[in-house]
Colleague: 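After the structure tokens below, expect a handful of questions from me.
One-based numbering along the sequence shown.
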Amino acid sequence: MDNFIICSGFGGQGVMSMGQILAYSGMIESKEVSWLPSYGPEMRGGTANCSVILSNEPIGSPVITNNATVLIAMNLPSLKKFQDSLVENGVLLVNSSLVKEASDREDIKVYKIPANDLAHEQCANLKVANMVMLGAYLEISKSLKDESVLHGFLKIFGERKADLLPINEKALQVGREYIKNNY
């Protein structure tokens, strides 16, 4: 199945690296992938986003408009901006640590993950909230293996950040466990 994913949040929440990790992980697993970032003033605290497509077939266009199958919303502006891009029966993952409002859509599956709280409480590092959300997505979608994701992490950040691999692996597991225990 094709995954048309929008990752969105404030600049600095790791949404671009989350998208890159997804794309590299897909390549490692021999999937067709695209990663389309949205840069600009968003990098300084506004809403940043990227689109990722994971497919078994060639991808005609990297643009996701009203055909997203997954939205990972790390903040309220992201939820408001992109929830209408989800297809019917699409999957919405919301960072409920920051988003207190519910989606007004009744035709999608909503997962509320307190990513910031989980990253702080279980990993002692707020910077891995994006990896908690990524772990939750992986548990829901079953689309990629953790080994591929960790290898993708190293491809993006290189050996100079290899010391961060254990905490990021833990964050993935925290996200997976949250879904297993709550949904």
Side-chain angles (χ1 to χ4, degrees), residues 1-10 13-23 25-26 29 31-36 38 47-57 59 61-119 121-123 128-146 148-149 152 171-183:
M1 176 171 170
D2 292 343
N3 287 281
F4 294 85
I5 308 157
I6 297 174
C7 303
S8 186
F10 290 128
Q13 284 186 300
V15 295
M16 296 300 180
S17 56
M18 187 182 346
Q20 282 184 301
I21 291 169
L22 282 166
S25 303
E29 294 188 18
K31 295 183 185 301
E32 299 289 329
V33 302
S34 73
W35 173 69
L36 186 63
S38 174
T47 299
N49 68 85
C50 65
S51 300
V52 178
I53 300 174
L54 301 172
S55 179
N56 293 323
E57 303 294 326
I59 297 167
S61 170
V63 177
I64 297 175
T65 51
N66 291 323
N67 61 336
T69 58
V70 178
L71 169 59
I72 301 174
M74 294 294 288
N75 61 14
L76 183 59
S78 297
L79 173 64
K80 290 186 175 195
K81 182 174 182 178
F82 292 110
Q83 71 176 335
D84 290 338
S85 298
L86 277 169
V87 296
E88 185 177 334
N89 299 316
V91 173
L92 171 62
L93 289 84
V94 175
N95 179 2
S96 60
S97 296
L98 299 179
V99 180
K100 303 303 179 195
E101 293 182 26
S103 171
D104 57 4
R105 302 253 328 249
E106 294 181 11
D107 63 338
I108 59 175
K109 178 70 177 161
V110 179
Y111 296 87
K112 296 179 181 178
I113 299 108
N116 287 39
D117 297 336
L118 292 169
E121 294 164 9
Q122 294 188 35
C123 300
V128 295
N130 64 332
M131 295 300 278
V132 171
M133 290 295 276
L134 184 54
Y137 164 72
L138 294 172
E139 185 61 32
I140 294 163
S141 70
K142 310 284 192 214
S143 60
L144 298 166
K145 298 176 190 149
D146 282 358
S148 303
V149 172
L172 285 174
Q173 290 309 313
V174 166
R176 280 187 177 278
E177 289 301 316
Y178 186 82
I179 294 300
K180 286 178 188 174
N181 294 330
N182 293 283
Y183 290 94

Colleague: To the nearest 0.5 Å, how far apart are NZ in Lys80 and CG in Asn75?
Modeller: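 If I round to the nearest 0.5 Å, the distance is 11.0 Å.
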Colleague: Measuring only between side-chain heavy atoms, which start at C-beta, is Lys109 closer than 4.5 Å to Leu92?
Modeller: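 No. Closest side-chain heavy atoms not under 4.5 Å.
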Colleague: I want to check something: taking the side chain as every heavy atom from C-beta on, are Val52 and Val70 in contact at a cut-off of under 4.5 Å?
Modeller: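 A side-chain contact is absent here, since even the closest heavy-atom pair is not under 4.5 Å.
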Colleague: Do Lys112 and Tyr183 have side-chain heavy atoms sitting under 4.5 Å apart?
Modeller: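 Yes, at least one pair of side-chain atoms sits under 4.5 Å.
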Colleague: So which atom in Cys7 and which in Leu22 form the shortest heavy-atom distance, rounded to 0.1 Å?
Modeller: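 That closest heavy-atom pairing would be SG-CD1, 4.1 Å.
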Colleague: Kindly say whether Gly9 contributes a backbone atom to a donor-acceptor pair with the side chain of Ser78 at under 3.5 angstrom?
Modeller: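 At least one qualifying donor-acceptor pair exists.
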Colleague: Can you tell which of Asn95, Leu98, Val110, Val99 makes a side chain to side chain contact (heavy atoms under 4.5 Å, CB included) with Leu79?
Modeller: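 So the option named by the test is Val99.
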Colleague: With a 3.5 Å distance limit and no angle check, can you tell me whether Thr69 reaches the backbone of Gly90 through a side-chain donor-acceptor pair?
Modeller: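 No; zero donor-acceptor contacts below 3.5 Å.
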Colleague: Can you tell me how far CG of Asn49 sits from CE of Met16, rounded to the nearest 0.5 angstrom?
Modeller: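 Between Met16 CE and Asn49 CG, I get 6.0 Å after rounding to 0.5 Å.
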Colleague: Are the side chains of Phe4 and Val87 in touch, meaning some heavy atoms are under 4.5 Å apart?
Modeller: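 No, too far: nothing below the 4.5 Å cut-off.
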Colleague: Is the shortest side-chain heavy-atom distance between Arg176 and Leu138 below 4.5 Å?
Modeller: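 Result yes, sub-4.5 Å side-chain heavy-atom pair found.
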Colleague: Flag the pair Tyr178 / Val132 as yes when at least one side-chain heavy-atom distance between them is below 4.5 Å, and no otherwise.
Modeller: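 No, every pair of side-chain atoms sits at 4.5 Å or beyond.
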Colleague: Do Val174 and Cys123 come close enough that some side-chain heavy atom pair is under 4.5 Å?
Modeller: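 Val174 reaches Cys123 side chain to side chain.
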Colleague: Are Leu172 and Leu134 close enough that some pair of their side-chain heavy atoms sits under 4.5 Å apart?
Modeller: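 Answer yes - side chains close enough.
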Colleague: Between atom OG of Ser103 and atom CG of Leu86, what is the distance when rounded to the nearest 0.5 Å?
Modeller: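 Here the interatomic distance stands at 8.0 Å.
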Colleague: If only side-chain N and O atoms count, and only distance matters, is there a donor-acceptor pair under 3.5 Å linking Asp2 with Ser55?
Modeller: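 Asp2 and Ser55 do have a side-chain donor-acceptor pair below 3.5 Å.
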Colleague: Would you check if the side chain of Ser8 reaches a backbone N or O of Cys50 as a donor-acceptor pair within less than 3.5 Å?
Modeller: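 No, the answer is negative, given that no donor and acceptor are paired below the 3.5 Å cut-off.
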Colleague: Of the non-hydrogen atoms in Met133 and Met74, which two are nearest, and what is the gap between them?
Modeller: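 Between these two residues, the closest heavy atoms are CG-SD, 3.3 Å.
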Colleague: What are the two closest non-hydrogen atoms of Ile64 and Ser51, and how far apart are they?
Modeller: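 Looking at all heavy atoms of both residues, the shortest contact is CD1-CB, 3.6 Å.
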Colleague: Counting N and O atoms only, with roles assigned by atom type, does the side chain of Ser97 sit under 3.5 Å from a partner on the main chain of Asp117, one being a donor and the other an acceptor?
Modeller: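 The answer is yes, because a donor-acceptor pair under 3.5 Å joins these two groups.
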Colleague: What is the distance from atom OG of Ser25 to atom CG of Leu144, rounded to the nearest 0.5 Å?
Modeller: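 One gets 5.5 Å once the value is rounded to the nearest 0.5 Å.
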Colleague: So how far is it from Ile5 CD1 to Tyr137 OH, rounded to the nearest 0.5 Å?
Modeller: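 Atom-to-atom, Ile5:CD1 and Tyr137:OH are 3.5 Å apart.
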Colleague: Could you pull out the closest heavy-atom pair between Asn116 and Ala129, with the gap in Å?
Modeller: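 The answer is OD1-CB, 3.6 Å.
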Colleague: Grab the two heavy atoms, one from Ser141 and one from Ser143, that are nearest each other, plus how far apart they are.
Modeller: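 It is OG-OG, 2.8 Å.
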Colleague: What is the distance from atom CD of Gln13 to atom CD1 of Ile72, rounded to the nearest 0.5 Å?
Modeller: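 Here the interatomic distance stands at 12.0 Å.
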